[in-house]
Structures are given as structure tokens and as C-alpha cells.
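A quick write-up on the structure given underneath.
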There are 2 protein chains.
Amino acid sequence: MTSDNMAPARRNRASAKQASMADVARQAGVSMITVSRMLRQPDLVTAETRRRIEEAMAEVGYVPNLVAGGLAATRTQVVAAIVPYIQHGVFADAVQGLSDALSPSKYCVLLGNTAESSEGEEAIVRTLLGHRPAGLVIQGANHSPATRQLLRKAQIPVVEMGTLPDEPIDCCVGYSNRQAAIAMTERLIAGGRRRIGFVGADPSQNDRHAQRLDGYRVALEAAGLDFDPRLVVRARFGIAQGREALAHLIAVEPKLDGLFCASDLWAAGAVYECTRRGIAVPDAIAIAGFNDQELAAEMVPSLTTIRVRRHEIGFVAGNLILARIEGSESGHKRIDVGFELIARESA
Amino acid sequence: MTSDNMAPARRNRASAKQASMADVARQAGVSMITVSRMLRQPDLVTAETRRRIEEAMAEVGYVPNLVAGGLAATRTQVVAAIVPYIQHGVFADAVQGLSDALSPSKYCVLLGNTAESSEGEEAIVRTLLGHRPAGLVIQGANHSPATRQLLRKAQIPVVEMGTLPDEPIDCCVGYSNRQAAIAMTERLIAGGRRRIGFVGADPSQNDRHAQRLDGYRVALEAAGLDFDPRLVVRARFGIAQGREALAHLIAVEPKLDGLFCASDLWAAGAVYECTRRGIAVPDAIAIAGFNDQELAAEMVPSLTTIRVRRHEIGFVAGNLILARIEGSESGHKRIDVGFELIARESA
DNA sequence: TTGAAAGCGCTACCAT
DNA sequence: ATGGTAGCGCTTTCAA
């Protein structure tokens, strides 16, 4: 029962080498090109021929070599996806959406993690481009000149996700991080908050967070409130970092009465820290998040946050790529999927 | 400044076609094979030649075609990774680990989502194998006979992750889900709990959860407690589903005093539901999770759970694959990374 | 509806 | 240390 690997050449080449298209053709008594055709445009082949080929494929255990196919056709069945960390739910959602859009067309996702560094990004873009993907999606839009150059020269559809740059490399699908941040900050202000903190990622490495910070600042100043750099915390992602941020901020500013976190993880951490310290949320401090991640709706108190349809962003990006590959050049080069302010208990 | 795409043939072929290795060779005044060598074994090339080639590569904007390389060498720089959903943090952690292990060697991850169905799994395995990956890692070990057959015939290293099957296809790296479940159930029992519920995924589709369910049952029976099928809930993943599960269970069994959730998400949902209903955790009901996901340590009350080093599992899997590719066939075919019971507040 | 020949861009193998 | 010659396994013309 375990004769798969070591079987001494049952039938044709049971173990020796992988079966090739030539083997299938021979077995079916047709030419290679007919096998190739039946795989890609079955309608052009007689039902009878098709049957014979299918039988032959099963017989020899044929798995088409997409590498050879990709080389011959000078186009692969692969789409590259570049995100800072696949481990972060926010990016994984988009990649899932991408994968879901691509799967019906048999395209696969080739993954690249940049670790949120621009050198890392350029290196990974280079490598992924070497695999000659049919298209590429990438998180954000603040790429180094070298990276932009590479992407342009690649002559494939490129989709920047999660933001709406003024000058996309090719296409983009996202929403206005700035407007979303403005909306949330305005809400906090409208709720009577005056000393509002901000937690975000390094704005020089993360353009989405840079825009959220910008929106926060704009909204404050529009309301005649001070933008106080001491109330701006730069953090690594994580719930624990949210706790720390809150601890830091109330030390710096005991009158803190509002907090806008550019990610739900930080907001959750801040809320938990308040809970532990007996600080009432939102009565003493209103805390808002960003992303509407799963725990936002479920935790106690639930999180007021910005909902972004991340799976949809990836899905739309995938369909954009497919449309471009198929040549239906479709006008839309800049798709705004919008955002939604979800008002819950925490703010 | 935007002349990348449309520039009318500056230098050599600025826009026409992608530069090939032949172009680089011509430009550098060497043969193709020397370029190839310099890319893969720079030591075998004179410093001077190297410099000329590097210059030429920059000049023509060369990005090596890994598809052609893969075909010629009959081995690619790609490792396939198959998980139920990349969107689930638990799987994304392992994929991140895999990617982190492979990156230094310039291997990329080709992603496949099975959506946790065996037909889906076979289809995605077929497609990924078509890309002739140098290795493949896959979550779990309950694959259909056809899938196992495909994987065997592929003649590449295969690593099954997250479990320790009796008969791995090739290698595996994981831990005993059964032992972990036994340990946690025993803890609940030792804490005086007598009516203990269980929440898990469909055991027929998810072997890890099947083993956790088994461990729960074994521990109950070893303690002389009834295994009551009414207290076993099968759920889809999610915090909300954990709330529902708790609601359902206390309706079925008002005397419920313990709950073992095979994922932290369910445990978190159950805890939140208790909080909302004013049920004291752990006093009235002890609730235990599984995975030690990020929120487990942070939420209030914090979650007693099983810690599994998921990133490490992926990382080890990646290194196993690399070792196999390099031929250092290394004996370890079955790596147990163990688990840890993390005692916190909820149980 | 089917087939023959010519590559796709690179690496392996053998020379030198 | 460098180069020439064959392919890798498919798809793309074109032809029948």
C-alpha cells in the first residue's frame, strides 16, 4: 500500500521522472500540441480526443509544468503580493481577498514580506519580479524611486492597495486614510474631548499611518485645538504596545480625555489598560481605533473605529489585475472603496 | 521625469522588451554563461569581470528571469504553502515563519488556500505542484488519498505542519494536539469543574481539532466524568461564534461550570458573553482557550490557554525544506515543538 | 480539428 | 577562469 515512491516502474514510469506532456501525447496517440490545446481551450478538441487525453493524463499522473508553460508563453499564472507582514491580520485579509479573486482563474499568489523597510521592499520586488508574475499588488504607495522604476519597467499591471496616492504607479484601490482620520478626530472633538492623543506607526515608513496622523492634526487645528507632539506616540504593532502607549500618555498628560489609535490593536490595549487601572472608557477617556478588526465589535467595551473593507480591497485588486491581463484595459485606475465610521461604546 | 515607460529607446532598449541575460553579456563583453555564473557563484568570476557585468546589469536594468532559470535547472526558487485560510492569524503566523526562514536564501512562498475542504485541497495542491516548487508545506495531515499520492509523486520535500501524524507523507513539524487537550481538560477537572463543554471545528475536516476533541474526551473519561455530546459544539472560527456557543451551552446545560475552546477566538467570545451576562469568569464558569493568540494575554480577564509556537513551526518547516533541497538529508523527519499550558485568569 | 517546427531565457555539461 | 552546445517542457506561429 505504500508503493508510490519506490515502485519498480509499474505501467509507464510510475516513479522515475515526472510525466511530461510528451508522455501524455504518446499515451493518447495524439501530438503534444493537442494535449496543450485540450488543457487550455478544450472546445477546440473533439470530445473523443478529449476523452483519450484525459484518460492518458490520469494514467501517467500528469501534472502540467507551469514553469515551462510560463516560459513558452512569456506570461505566468502568478500574481505577486507584497505586504509588510503577512502575520498582521490587516494585510492577511487583503491577501485572502486577492487569493479569492484569483483562484477561479487558477492564478496563484506569490508572497513577499517587506518587514516594512524600503531596502527590504526593493529587494523583494526585484526577486518577485524575477518570477515574472502576470501582475503585482503592493501595500501602500511610498516606494523608493528605485522600486517605482522597477515596477514601471516590469510592464505588468501593478495595484497599490490601501491608499489613494496622487500619482499611482499604475492602478490603486483604497480609501482616504486622511479623511478617515479627520472624521474620527472630529467625532472625538464633537464629544467634548480636548486633550486627544494619537498612536501610530512610524510615518516615514508607513504612508497610510502618515496620512492618519496628518488627518488627526488637521482636524485638531480646524477645531482650534493645539497639536501637541508630546501626545503623539509612535509604536510597533500590538495590543501590548497599546497598553504602553496609554500608560505613557497619561503620565505625560494627566488630563488626557481622548485617544485616537491608528490601529485597533493599540486601541484594544489602551482600553484594557484603562480597565485594569479603573479608568472609565469612554467617560474619562474616549478611545477610538482603526480597521474594525474582529475584536473591535466583541470586546467590552466595544470599540468605536473606522471600518475598512480589507478583503474587498484585495478582491478588487485581484479583479483589476485579471481584467488588465485579459486586456479589457478598463478605465478605472483609482478605485475608492471608502470607509465607514463605526460608533460603538469606547468613544 | 516620467519617461520610464514611453522613452524612445534611450541607450539599449530602454522600454522595448525586458533585458535578457544575453543583453547583459553583450553589454559586458562576456558570454552568457559567465553572467549566469556571476549571479549564482560570484567567487568563480574575476573581480574585474564581475564589475563589468554588474555595470552592464545596471545599465540595461536586468532582472533575472527565474522562470527560465527554473526550467533550465529543473528546480525553482519557490516553496508552496498550503493553509486553510491565510486570513486566520494562526496560519498566517506559520506562513510568516516559513517566509522568514526562506527569505535569506531568496526562496519565495507560493500561497494556496484550501478553504478547509478536501476537494479544494486537492485542486490547490495540483495547481501549486504545477509550479514545480522546490518544496511544499501544508497544514495538517488528513489529506485525501489522491492528495497524498500527488504529494508523494512530486518528489520534493513535503512538510506537514501543526500536528504529528503517525505516518507523515515525508516530514512533519508540530505538537500533540491530543496531549495538549488532555492537559487543559485535566486542569479544568483539577479545578473542580464537572460539567465541561467543548467548542471546536468540524473534526471531519480538521484533524488538529479532531485530536483536541479526542483529548478532551479521553481526559473526561479518565476522570470518571461523562462525555456528553450535547456539550460539544462545532463552530466556525470567530469571536462571535464563541459568544453563540456559550449562549447555546448554558441553555442546554445551566450547570455548565467549565468550557474548553479549541481556539482562543471562541474562548474570547465566550468570556465576553459571560461578561455581558454578568457571569463570573472563572468563578462560575472557567474558560480555557487554545493557541495563545495575541489577545489572550491582554484581555480582561486574561485567557488560560495552550501556547503553540506557530511562527517557529513555520520557521522550522522552512529550514527543513532548505536542508532537504541542499541535500543534507538530515535525519529529523518528525519534529515535536511541544506546547505549553499558560495559566492565566480565565481558568 | 490537428500537427511540425521554432523558440521562450536560462543552466548543465563538457571543453578549454 | 571562461565559453559552446544542448536541452529544460511547454506554447507560439504557421500549415494542413
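In what follows, every chain begins at residue 1, and chains take the letters A, B, ... in the order their sequences are listed.
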- Query: Would you say D:dT12 has OP1 or OP2 under 4.0 Å from some side-chain N or O of A:Arg40?
  - Reply: yes
- Does any donor atom in the side chain of A:Glu121 or A:His143 lie under 3.5 Å from an acceptor atom in the other side chain? yes
- Query: If you check the A:Ser31 side chain, which of D:dT12, C:dG3, D:dG9 turns out closest?
  - Reply: C:dG3
- Query: Where the side chain of B:Ala73 is defined as all heavy atoms beyond and including C-beta, which of C:dA12, C:dT2, D:dC8 is the nearest nucleotide?
  - Reply: C:dA12
- At their closest point, which heavy atom of B:Met161 faces which heavy atom of B:Gly314, and how far apart are they? SD-CA, 4.1 Å
- Describe the nucleic acid contact of B:Val67 in one word from base, sugar-phosphate, nothing, applying a heavy-atom distance below 4.0 Å. nothing
- Measure the distance from CD on A:Glu48 to P on C:dT1 and round it to the nearest whole Å. 14 Å
- C:dT2 P sits how many Å from A:Ile53 CD1, rounded? 8 Å
- Does OP1 or OP2 of C:dT2 have a side-chain N or O of A:Thr34 closer than 4.0 Å? no
- Measure from CG on B:Leu39 to C1' on C:dA12 and round the result to the nearest Å. 16 Å
- C:dT11 P sits how many Å from B:Leu71 CG, rounded? 11 Å
- With A:Val109 as partner, the option from B:Asn113, B:Val109, B:Ile86, B:Leu111 fulfilling side-chain contact (heavy atoms from CB on, under 4.5 Å) is B:Leu111
- Message: With a 4.0 Å limit, can you tell me whether B:Thr46 has a side-chain N or O closer than that to the phosphate oxygens OP1/OP2 of D:dT2?
- Response: yes
- Examine C:dC10: is either OP1 or OP2 under 4.0 Å from a nitrogen or oxygen in the side chain of B:Tyr62? Give yes or no. yes
- Note on the structure: To the nearest angstrom, the CG-P distance between A:Asp43 and C:dT1 comes to 10 Å
- Query: Is A:Thr49 near enough to C:dT2 that one of its side-chain N or O atoms lies under 4.0 angstrom from OP1 or OP2?
  - Reply: yes
- Task: Could you check which of C:dC10, D:dG3, D:dT11 has an atom nearest any side-chain atom of A:Met21?
- Result: D:dT11
- Task: Examine the side chains of A:Arg148 and A:Ser144 and answer whether a donor and an acceptor come within less than 3.5 Å of each other.
- Result: no
- Message: Measuring from the side chain of A:Ala68 (C-beta onward, heavy atoms only), which nucleotide among D:dG3, D:dC10, D:dT11 has the closest atom?
- Response: D:dC10
- From the candidates C:dG9, D:dT11, C:dA4, the one with an atom nearest any side-chain atom of A:Met32 is D:dT11
- What nucleotide among C:dC10, C:dT11, D:dC8 has an atom nearest to a side-chain atom of B:Thr74? D:dC8
- Message: Quick check: any donor-acceptor pair below 3.5 Å linking the side-chain of B:Arg37 to the base of D:dG3?
- Response: yes
